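Positions are given from 1, in the same order as the sequence printed here. What you see is a predicted model, and the numbers here were worked out from it, not measured in a lab.
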Amino acid sequence: MSPDTLHNPMSLVGRSMLVTGASAGIGQATAVLLSRLGARVTLNGRDEGRLGDTLSRLSPVSNGPDGGHRVAPFDMGELDAIPAWMKEQAALSGPFDGVAHCAGIQTLRPIRIFTQEFFDQVMRVNLGSCLALAKGLRQKGVKAERAAMVFISSTAATAASPANIVYAAAKGGIIAATKGLSAELLPDGIRVNCVVPSIVMTDLIERGFEKLSQEQIDHLQRLQPLGFGHVDDVAHAIAYLLADTGRWITGTALTVDGGRTA
Ligand SMILES: NC(=O)c1ccc[n+]([C@@H]2O[C@H](COP(=O)([O-])OP(=O)(O)OC[C@H]3O[C@@H](n4cnc5c(N)ncnc54)[C@H](OP(=O)(O)O)[C@@H]3O)[C@@H](O)[C@H]2O)c1
């Protein structure tokens, strides 16, 4: 076999990656995939027990403790503390080549019960955290010479999603922030992209479905020509944008939605 046959442009061997929301769903699948591609992964979420479960699923990349990976519990709603926390993590894990920001929250709530507290929480955890992570990553010692960030938006931002307006606004904000940050962080050698998934079966969606009738769920399924997605469908897109396959891509919102918005 010639060496060219062995070249894998998605290889992450020798790279250090931070994955937020790694204790469940899309973040967990992303962390597992990045480790399979050879990356050392720092796992963030708030629930240490569930992060330990993710850690046990990762492919070891070194003989060090925990196969070269680490857990790093922290609340992504603590915006002002995120940059300093990232500095501590980079000192322990090595400068980050990539950040997959998968932490997010969604609670279905019609506009008639809108409150300021609800707005602040949804905006802070979903959108504010992207901005604080971007601020943190560009610090000296936190990023490798070249780095990439991937955020998760949602088709809730690009196709009507009733009773989900604040979440949709936060996810729309992520698309706007991705564009602005891609230009602002270009001189720092940081690419910034987001993925825009439709419905993928995770705890987040199962909690939302508890509030819907079977008829409503069937309607949502019919809206997606390729059916509901799997966490790996989104993880693959994130890995593509983080790896050298995404080398020439920045400021993009990559739709991964089973045809929902086609
Ligand atoms: N599933 C879908 O259909 C879908 C579609 C479009 C977009 N998305 C987006 O994709 C991302 C992942 O969603 P998912 O479906 O995988 O959700 P999930 O299964 O509910 O997992 C959410 C993850 O976010 C973490 N998290 C939540 N709040 C946090 C906080 N304040 N600080 C740190 N971590 C926090 C959770 O960890 P802890 O509980 O341990 O903190 C968990 O690991 C979210 O941004 C979501 O909006 C999902």
Side-chain angles (χ1 to χ4, degrees), residues 20-21 23-30 45-46 75-77 79 100-133 150-181 193-238 251-262:
T20 73
S23 56
I26 293 168
Q28 181 176 72
T30 300
R46 290 163 303 175
D75 184 344
M76 283 293 133
L79 303 190
H101 181 29
C102 306
I105 52 168
Q106 178 186 26
T107 305
L108 294 178
R109 238 185 226 202
I111 205 68
R112 68 185 147 75
I113 51 170
F114 172 82
T115 62
Q116 178 175 316
E117 188 192 1
F118 179 66
F119 175 84
D120 287 346
Q121 190 201 15
V122 173
M123 282 290 174
R124 176 190 285 244
V125 174
N126 289 310
L127 176 58
S129 57
C130 298
L131 307 178
L133 283 164
V150 179
F151 305 134
I152 309 192
S153 175
S154 165
T155 55
T158 54
S161 184
N164 204 14
I165 312 304
V166 180
Y167 175 84
K171 294 297 183 178
I174 288 177
I175 296 175
T178 296
K179 290 198 180 298
L181 287 170
N193 292 290
C194 67
V195 293
V196 189
S198 186
I199 298 174
V200 171
M201 292 316 300
T202 63
D203 294 352
L204 178 137
I205 292 300
E206 276 166 24
R207 283 191 299 270
F209 277 8
E210 281 165 14
K211 297 185 179 174
L212 303 181
S213 66
Q214 191 55 48
E215 199 179 325
Q216 288 170 314
I217 294 170
D218 292 344
H219 170 70
L220 288 174
Q221 186 147 29
R222 279 194 299 275
L223 287 176
Q224 306 205 139
L226 295 180
F228 291 139
H230 187 271
V231 285
D232 287 337
D233 297 321
V234 183
H236 290 154
I238 293 172
T252 289
L254 176 60
T255 300
V256 188
D257 71 350
R260 167 74 175 88
T261 54

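For Thr202, there are no side chain to side chain donor-acceptor pair (under 3.5 Å) partners two or more places apart in sequence or in a different chain. Residues forming a side-chain contact (heavy atoms from CB on, under 4.5 Å) with Arg207 (at least two apart in sequence, or on another chain): Asp203, Leu204. Taking the side chain to side chain donor-acceptor pair (under 3.5 Å) definition, one finds that Thr178 meets it with nothing, sequence neighbours left out. Under the rule for a ring-ring contact (aromatic ring centres under 6.0 Å, His included), Phe114 has no partner lying at least two apart in sequence or in another chain. With sequence neighbours left out, the side chain to side chain donor-acceptor pair (under 3.5 Å) criterion links Ser23 to no other residue. Not counting sequence neighbours, Asp233 has no partner by the side chain to side chain donor-acceptor pair (under 3.5 Å) test. Looking at residues two or more places apart in sequence or on another chain, you find no salt bridge (charged side-chain N to carboxylate O under 4.0 Å, His left out) involving Asp232. For Pro225, the side-chain contact (heavy atoms from CB on, under 4.5 Å) test picks out no residue, with sequence neighbours left out. The side-chain contact (heavy atoms from CB on, under 4.5 Å) check on Arg260 picks up Thr155, Ala159, Ser198, Leu223, Gln224, Asp257, with sequence neighbours excluded.
Distance alone, capped at 3.5 Å, places no donor-acceptor pair between the Ser153 side chain and the Val195 backbone.
Contact annotation: the side chain of Leu133 approaches that of Met76 to within less than 4.5 Å [non-hydrogen atoms, C-beta and beyond]. Side-chain atoms of Thr261 and Val196, non-hydrogen and from C-beta on, never get closer than 4.5 Å to each other. Annotation: side chain of Val150 is not in contact with side chain of Thr30 (no heavy-atom distance under 4.5 Å). Counting heavy atoms from C-beta on, the side chains of Leu131 and Leu181 come closer than 4.5 Å.
The line from SG of Cys194 to CD1 of Ile152 is 9.5 Å long, rounded to the nearest 0.5 Å. Taken to the nearest 0.5 Å, the CZ atom of Arg222 stands 9.5 Å off from the CG atom of Leu220.
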Could you go step by step and tell me if Val200 and Val256 meet the side chain to side chain contact (heavy atoms under 4.5 Å, CB included) rule?
-> CA-CA 10 Å; Val200 171; Val256 188; over 6 Å; no
Please step through side chain to side chain contact (heavy atoms under 4.5 Å, CB included) for the pair Ile175 and Thr158, ending with a clear verdict.
-> CA-CA 10 Å; Ile175 296 175; Thr158 54; 4.0 Å; yes
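Among all heavy-atom pairs drawn from Val231 and Gly25, the shortest one is CG1-C, 3.6 Å. The two residues Gly104 and Asn126 make their nearest non-hydrogen contact at CA-OD1, 3.2 Å. Heavy atoms only, all atoms of each residue included: Ala157 and Ala168 are closest at CB-O, 3.6 Å.
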Contacts table for residues 116-124: side-chain donor-acceptor under 3.5 angstrom, sequence neighbours left out:
| from | atom 1 | to | atom 2 | distance (Å) |
| --- | --- | --- | --- | --- |
| Arg124 | NH1 | Gly77 | O | 2.9 |

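Ring-plane geometry between Phe209 and Phe228 is classed as tilted, the angle between the planes lying from 30 to 60 degrees on a 0 to 90 degree scale.
Sequence neighbours left out, the pairs with a member in residues 209-219 that pass side chain to side chain donor-acceptor pair (under 3.5 Å) are Ser213-Gln216, Gln214-Asp218. Residue pairs meeting the side chain to side chain donor-acceptor pair (under 3.5 Å) criterion with at least one partner in residues 159-177, sequence neighbours excluded, are Gln106-Asn164, Ser161-Asn164.
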